Amino acid sequence: MKQDNCIFCKIISGEIPSHTIYEDEKFKIILDVAPATRGHALILPKSHYANLYELPEEMASDVIKLAKKMMVKMTDKLNCDGFNVIQNNGEVAGQTVFHFHMHLIPRYKDDGEILKYIAGSPSGEQLEQIRKIIAE
Ligand code: 5GP
Ligand code: ZN
């Protein structure tokens, strides 16, 4: 399952070079070409799925297990102080490559704020309204 004009499908097939740090039958993990920090990597499924909505459940569970394994290894090898595991779905959420991927971002003391959002301050009533919409 490969999609024409998908940059990550081309990386997986070897058509476009990448720096691979891990590979198995289902996944490839490459270094991000424009890293947020030293060692920023991307987990790519070898089959094309646009996002987490499309990723089969079994692959979703495989990917989080792999993220944990790599995070532990990278923390040891890179001696980082923390880690962000991030996954964007849809343009509005910051997704720019529409082949599912999970960011593995090692964090270092004083590496600056690479991820930031403005915290809201909803009332208890507003939170309850949202809870009802989602949970009921
Ligand atoms: P997104 O914004 O979709 O969550 O993340 C896409 C990521 O892919 C970005 O961090 C970007 O730097 C990375 N990226 C885009 N094109 C390439 C490429 O050709 N090679 C590699 N290694 N990373 C890429
Ligand atoms: Zn693809």
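Not measured: the values here are computed from a predicted model. As the structure lists them, so they are numbered: ligands from 1, and atoms in each ligand from 1.
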Problem - Whether Gln95 side chain and Glu91 backbone form a donor-acceptor pair below 3.5 Å - result: no
Practice task
Please indicate whether any nitrogen or oxygen in Val97 is less than 3.5 Å from any nitrogen or oxygen in ligand 1.
Solution key: yes
Completion exercise
So the atoms of ligand 1 within less than 4.0 Å of a heavy atom of Ala34 turn out to be 12 (O)
Problem - Electrostatic pair Lys46-Glu25, nearest N-O below 4.0 angstrom - result: no
Practice task
Consider ligand 1: state whether an atom of it lies below 4.0 angstrom from any non-hydrogen atom of Phe98.
Solution key: no
Handout entry: Side-chain donor or acceptor of Gln126 paired with backbone N/O of Ser123 under 3.5 Å
Key = yes
Exercise for the section: Start with the C-alpha gap between Asn89 and Gln87, add the side-chain angles, then the distance that decides, and say whether side-chain hydrogen bond (donor to acceptor under 3.5 Å, both in side chains) holds. Expected result: CA-CA 7 Å; Asn89 297 281; Gln87 199 277 309; 2.7 Å; yes
Exercise for the section: Using a strict 4.0 Å cut-off to heavy atoms of Thr96, name the atoms of ligand 1 that fall inside it. Expected result: 1 (P), 2 (O), 3 (O), 5 (O), 6 (C)
Problem - Side-chain donor/acceptor of Tyr108 to backbone N/O of Arg38, under 3.5 Å - result: yes
Problem - Whether Asn84 side chain and Ile105 backbone form a donor-acceptor pair below 3.5 Å - result: no
Exercise for the section: Check each heavy atom of Phe100 against ligand 1 and say whether those closer than 4.0 Å belong to the side chain, the backbone, both or neither. Expected result: neither
Exercise for the section: Please verify whether a non-hydrogen atom of Gln87 lies at under 4.0 Å from ligand 1. Expected result: no
Exercise for the section: May I ask you to list the atoms of ligand 1 that are less than 4.0 angstrom from any heavy atom of Ile7? Expected result: 19 (O)
Problem - Contact check, Gly94 vs ligand 1, heavy-atom distance below 4.0 Å - result: yes
Handout entry: Nearest to the Zn ion (ligand 2) - the N/O/S atom of His48, by atom name
Key = ND1
Completion exercise
for atom 8 (O) of ligand 1, nearest protein heavy atom and its distance come out as Phe8 CZ, 3.5 Å
Practice task
Tell me which part of Val33 gets within contact of ligand 1: side chain, backbone, both or neither, using heavy atoms under 4.0 Å.
Solution key: both
Problem - Gly112 backbone acceptor or donor facing Arg107 side chain under 3.5 Å - result: yes
Exercise for the section: State whether the side chain of Asn51 and the backbone N or O of Glu54 hold a donor-acceptor pair below 3.5 Å, judged by distance alone. Expected result: yes
Problem - Residue-ligand contact His103/ligand 1, heavy atom below 4.0 Å - result: yes
Practice task
Check each heavy atom of His19 against ligand 1 and say whether those closer than 4.0 Å belong to the side chain, the backbone, both or neither.
Solution key: neither
Problem - Mode of Ile11 contact toward ligand 1 - side chain, backbone, both, neither (heavy atoms, under 4.0 Å) - result: side chain
Handout entry: Protein residue, atom and distance nearest to atom 22 (N) of ligand 1, heavy-atom basis
Key = Leu31 O, 2.9 Å
Exercise for the section: Check whether any N or O atom of His101, backbone or side chain, sits under 3.5 Å from an N or O atom of ligand 1, and answer yes or no. Expected result: yes
Problem - Main-chain N/O of His99 paired to His101 side chain as donor or acceptor, under 3.5 Å - result: yes
Handout entry: Side chain Asp81, main chain Lys109, donor-acceptor under 3.5 Å
Key = yes
Fill in the blank from the handout: Closest heavy-atom approach to atom 7 (C) of ligand 1 among Asn89, Ile16, Asp32, Ile105 is made by Asp32
Problem - N, O or S atom within His99 nearest to the Zn ion (ligand 2), by name - result: ND1
Practice task
Could you tell me whether a side-chain N or O of Thr37 sits under 3.5 Å from a main-chain N or O of Pro106, the two making a donor and an acceptor?
Solution key: yes
Handout entry: Close approach of Ile30 to ligand 1, heavy atoms, under 4.0 angstrom
Key = yes
Handout entry: Any donor-acceptor N or O pair under 3.5 Å, side chains Asp24, Tyr22
Key = yes
